[in-house]
*Asks:* 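Encoded as structure tokens, here's the structure I'll be asking about.
Proteins come first, then strands; the chains are lettered A, B, ... in the order of their sequence lines, and each starts at number 1.
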2 protein chains.
Amino acid sequence: MTTIYDIAKKANVSAMTVSRVINNTGRISEATRKNVKKVMEELNYVPNSMARSLVLQKTKILSLLITDITNPFYTTLARGAEDSAKQNGYKLLLGNSDEDYAKEKDYVDMILSTRVDGVLFAPAGDHSLDQLRQLQTHQIPFVLLDREVPELASDMVLGDSKEGARRLVDHLIELGHRRIALINGSMDVSTARLREQGYVEALKLAGIPVDEELMLPLSYRSVDDLQVLDPLLQLSDPPTAIFAANNFIAVGVIKALRAKGISVPEEISIACFDDLGIASELHPFMTVAAQPAYQFGVLGMQLLIEKIEGKTDPQTHRKLILPSELLIRQSTSALK
Amino acid sequence: MTTIYDIAKKANVSAMTVSRVINNTGRISEATRKNVKKVMEELNYVPNSMARSLVLQKTKILSLLITDITNPFYTTLARGAEDSAKQNGYKLLLGNSDEDYAKEKDYVDMILSTRVDGVLFAPAGDHSLDQLRQLQTHQIPFVLLDREVPELASDMVLGDSKEGARRLVDHLIELGHRRIALINGSMDVSTARLREQGYVEALKLAGIPVDEELMLPLSYRSVDDLQVLDPLLQLSDPPTAIFAANNFIAVGVIKALRAKGISVPEEISIACFDDLGIASELHPFMTVAAQPAYQFGVLGMQLLIEKIEGKTDPQTHRKLILPSELLIRQSTSALK
DNA sequence: CAATTTTGGGTTATCGATAACTCCAAAATA
DNA sequence: TATTTTGGAGTTATCGATAACCCAAAATTG
């Protein structure tokens with residue numbers, strides 16, 4: 001690969017002059033500037049960002065860590081983050097933890113050794129604390145996305161999990177349901193806890209008893225076990241509606257119900273958090289609390305860049321809460 | 001950030017000794033090795049991969065460029081590529097061109113300046129040739145994914161576009177359809193051309209006249225224009241079936257038909273290339289030619305790594321063609 | 001026991017770029 | 001004409017890590 005030295009030699013100037021032309025710094029006569037630029041083109045020069053980063057002590061690379069690259073919520077978020085990063089002259093390194101702490105840790109090691117300027121971090125759960133402390137130790141700025149981590153102050157962009165859950169469950173209650181199950185993500189994820197709170201609150205306000213048997217914590221990643229609902233279905237007083245704490249859980253639930261020959265919404269109503277991307281475009285079926293995923297990415301990136309470029313007070317932490325939108329579709333219907 | 005020099009000083013050895021401990025090279029006594037490791041932990045040392053890359057002349061970073069991060073085909077592919085990269089000790093830089101040559105070019109510039117060791121490249125289309133020539137000029141190894149580029153020899157992993165299309169159209173013909181429309185991607189994408197060929201071939205073999213009026217080249221990205229099908233629907237002899245050249249086109253078509261109150265498959269049958277991710281899990285509706293997306297990623301990564309590590313003859317180019325699977329679901333039905 | 005290996009580790013140069021400083025000649029000013 | 005500016009560069013050190021070379025002390029050998 002050609003370096004500034006190759007160019008310097010061919011253009012009969014010093015390397016420093018080439019560097020000045022590249023960065024538009026210092027004083028360079030129009031003649032030599034032109035000459036250097038010509039030689040740069042001839043030799044197909046591309047600056048080596050490793051070398052540059054080494055001396056500048058910054059990379060202009062940001063990192064986005066999501067927990068599931070196949071989930072439309074995160075891919076849409078990623079697109080927002082990417083657009084926003086590009087606009088600000090940053091590159092984006094995308095990582096995927098698959099809701100797995102070990103993968104997350106690997107990724108953080110990678111981030112540290114790459115010396116990225118900052119990280120947009122969607123934590124796998126509460127135990128992500130270790131990884132985040134690592135980032136703090138090394139003074140890598142980060143912004144949390146979608147999920148909060150106890151004991152950790154930070155800028156963050158969250159959804160209104162509790163309120164969204166409350167509204168979804170309210171909707172089910174208004175349809176006449178009183179036996180409403182909650183299929184939740186793992187309880188070490190903040191959103192799962194909040195969605196449970198919203199669920200419980202809605203029930204209590206409506207005077208419906210909260211039945212532990214109807215609450216099933218699983219995982220936000222796709223549930224492939226077709227028997228997973230059996231404990232619920234075998235109850236003497238089985239649920240007539242299900243609130244799935246995210247889109248993938250809802251898909252798993254639908255598959256399980258289909259395997260049992262139970263029809264939605266005729267026999268059981270379902271509603272979930274997060275919209276389903278093209279699935280909803282293809283067939284607007286699922287009643288959801290849709291989050292503004294693209295905005296999550298854009299705003300998170302904005303907070304991060306402001307933080308990096310020192311435009312904000314490092315002491316104060318900002319917490320953006322984005323509302324979700326209740327989209328009532330066909331997966332929920334009145335109790336017969 | 002702590003460097004090997006900080007460690008060297010505190011451990012009372014030279015920087016080189018620290019480097020040797022890190023890389024497990026040279027001869028180090030067990031005592032000093034332990035001591036150095038202890039100091040490394042105390043100081044939270046993480047190697048600076050910029051500095052290392054600079055001297056080693058390789059980054060251990062690979063890049064994956066896809067054309068649509070919200071398309072399940074590509075996200076599944078990405079997961080395959082990522083898993084495979086990680087297994088081989090490489091990091092993955094993910095990029096998204098949005099089917100846009102300008103974004104693609106930006107991304108290639110970024111790749112060049114980051115000096116990645118290799119690229120998995122899903123080209124936006126034939127004009128990606130410029131970008132690929134850039135990579136060649138700078139001797140960055142790459143493997144093409146999903147799409148071929150004329151005039152360019154390279155390792156690649158492709159689907160069987162022609163055969164897959166032929167089988168989908170055959171299926172429609174067997175159902176009795178003779179007026180079958182093709183809604184295609186842009187004609188400067190190899191898969192679009194091949195899918196057209198497969199379509200034409202299937203019709204010809206069945207003795208059905210090929211009607212140019214039924215062939216509509218659009219874009220592989222989501223089609224949002226609800227009027228887009230009007231020219232077809234207003235024909236005196238409108239189509240009774242539609243072959244959509246990819247999943248997003250099919251979604252656009254479905255939306256357009258829904259807006260017109262036309263029901264699928266009762267009034268019009270639809271089949272498309274590429275499965276729809278969770279959309280199909282949620283509601284297995286669309287008849288598709290499903291490609292092994294994860295395998296695209298894994299195999300592409302494998303070819304790339306073999307190429308980088310010089311395990312293959314650089315002269316010969318390998319072309320893997322992965323078959324697709326015809327999944328007959330509910331969007332297609334017999335002509336009445 | 002002297003000669004030779006081996007062990008364990010240090011020195012120096014280098015990767016490609018930039019910051020900070022220096023330097024000189026021509027132009028501007030006194 | 002003498003002196004100061006200033007425009008237009010060049011020199012050197014540096015970022016953090018590793019390759020290549022070097023060297024003393026300890027261990028082995030005949």
Side-chain angles (χ1 to χ4, degrees), chain A residues 1-37 39-40 43-61 109-117 138-140, chain B residues 1-37 39-40 43-61 109-117 138-140:
Chain A
M1 285 264 221
T2 66
T3 71
I4 52 170
Y5 297 98
D6 303 325
I7 295 172
K9 187 181 290 176
K10 188 157 180 192
N12 257 312
V13 294
S14 73
M16 199 56 225
T17 301
V18 177
S19 172
R20 289 190 178 109
V21 170
I22 294 168
N23 298 293
N24 257 308
T25 54
R27 311 173 182 290
I28 303 285
S29 74
E30 212 31 58
T32 57
R33 177 188 307 280
K34 262 191 182 162
N35 184 236
V36 168
K37 287 210 164 177
V39 176
M40 275 171 45
L43 298 187
N44 268 305
Y45 173 74
V46 180
N48 183 323
S49 63
M50 303 282 159
R52 179 181 275 164
S53 301
L54 197 55
V55 45
L56 292 183
Q57 299 286 41
K58 56 183 176 185
T59 56
K60 280 279 172 180
I61 297 180
D109 286 344
M110 196 264 260
I111 282 171
L112 290 175
S113 78
T114 309
R115 302 296 199 265
V116 300
D117 294 345
H138 294 276
Q139 312 204 48
I140 312 268
Chain B
M1 285 263 219
T2 65
T3 70
I4 52 170
Y5 298 98
D6 302 325
I7 296 171
K9 186 181 290 177
K10 190 158 180 192
N12 259 313
V13 294
S14 74
M16 198 57 224
T17 301
V18 178
S19 172
R20 287 189 179 110
V21 170
I22 294 169
N23 298 292
N24 258 308
T25 54
R27 313 172 180 291
I28 303 284
S29 73
E30 210 34 56
T32 57
R33 177 189 306 280
K34 260 191 183 165
N35 184 235
V36 168
K37 287 210 165 179
V39 176
M40 276 172 44
L43 298 187
N44 268 305
Y45 173 73
V46 180
N48 183 322
S49 62
M50 302 283 159
R52 179 181 275 163
S53 301
L54 197 55
V55 45
L56 293 183
Q57 299 285 42
K58 56 183 175 181
T59 56
K60 280 279 175 181
I61 296 180
D109 285 343
M110 198 264 261
I111 282 172
L112 290 175
S113 78
T114 309
R115 302 294 198 267
V116 301
D117 293 347
H138 294 276
Q139 312 204 48
I140 312 269

*Asks:* Look at the side-chain N and O atoms of A/Gln57 and state whether any lies under 4.0 Å from the OP1 or OP2 oxygen of D/dG16.
*Replies:* yes
*Asks:* Taking all non-hydrogen atoms of both residues into account, name the closest pair between A/Asn35 and A/Ala11 and its distance.
*Replies:* OD1-O, 3.5 Å
*Asks:* Rounded to whole angstroms, how far apart are CE on B/Met50 and C1' on C/dG16?
*Replies:* 13 Å
*Asks:* Using side-chain heavy atoms (C-beta onward) and a distance below 4.5 Å, is A/Ile4 in contact with A/Tyr45?
*Replies:* yes
*Asks:* Rounded to the nearest Å, what distance is computed from the CD1 atom of residue A/Ile4 to the P atom of nucleotide D/dG10?
*Replies:* 12 Å
*Asks:* Can you sort out which residues in residues 14-23 of chain B have a heavy atom within less than 4.0 Å of DNA chain D? Ascending by number, please.
*Replies:* B/Met16, B/Ser19, B/Arg20, B/Asn23
*Asks:* Between B/Leu56 and B/Val13, who's closer to the 5' end of DNA chain C by nearest nucleotide?
*Replies:* B/Val13
*Asks:* Quick one: closest heavy-atom pair of A/Asp6 and A/Thr3, and the distance?
*Replies:* OD2-N, 2.8 Å
*Asks:* Answer yes or no: does atom NZ of A/Lys37 have more than 12 heavy-atom neighbours from other residues, nucleotides or ligands under 6.0 Å?
*Replies:* no
*Asks:* For B/Asn48 and C/dG16, what is the distance between atoms CG and P respectively, to the nearest whole Å?
*Replies:* 16 Å
*Asks:* For residues A/Leu112 and A/Ile140, determine if any side-chain heavy atom of one lies less than 4.5 Å from a side-chain heavy atom of the other.
*Replies:* yes
*Asks:* Taking CG from B/Leu43 and C1' from D/dG16, how many angstroms apart are they, rounded to a whole number?
*Replies:* 15 Å
*Asks:* Could you state the NZ-P distance from A/Lys58 to C/dA17, rounded to the nearest angstrom?
*Replies:* 18 Å
*Asks:* Is it true that a side-chain atom of B/Thr114 and a backbone atom of B/Val116 form a donor plus acceptor pair closer than 3.5 Å?
*Replies:* no
*Asks:* Would you say that B/Val46 contacts A/Asp109 through its side chain, given a criterion of any heavy-atom pair below 4.5 Å between the two side chains?
*Replies:* no
*Asks:* Nearest whole angstrom, please: distance from the P of D/dA19 to the CZ of B/Arg52.
*Replies:* 10 Å
*Asks:* At a heavy-atom distance below 4.0 Å, what parts of residues 25-36 of chain B sit against DNA chain D?
*Replies:* none
*Asks:* Separation of A/Met1 atom CE from C/dA17 atom C1', in whole Å?
*Replies:* 15 Å
*Asks:* A/Arg20 and A/Gly26: which non-hydrogen atoms are nearest, and at how many Å?
*Replies:* CD-CA, 4.3 Å
*Asks:* Test your reading of the model: is there a side-chain donor-acceptor pair from A/Ser49 to the backbone of B/Ser113, 3.5 Å cut-off?
*Replies:* yes
*Asks:* Do A/Thr2 and A/Lys10 make a side-chain contact, defined as non-hydrogen atoms from C-beta onward lying under 4.5 Å apart?
*Replies:* no
*Asks:* Nearest-Å distance, NZ (A/Lys9) to C1' (C/dA17)?
*Replies:* 17 Å
*Asks:* Taking only side-chain N and O atoms of B/Tyr5, does any of them lie within less than 4.0 angstrom of OP1 or OP2 on D/dT18?
*Replies:* no
*Asks:* Any side-chain heavy atom of A/Arg115 within less than 4.5 Å of one from A/Ser53?
*Replies:* no
*Asks:* Only stems of 3 or more consecutive Watson-Crick or G-U pairs count here, both distances under 3.5 Å; name the ones for DNA chain D, or none.
*Replies:* C:1-30 with D:1-30
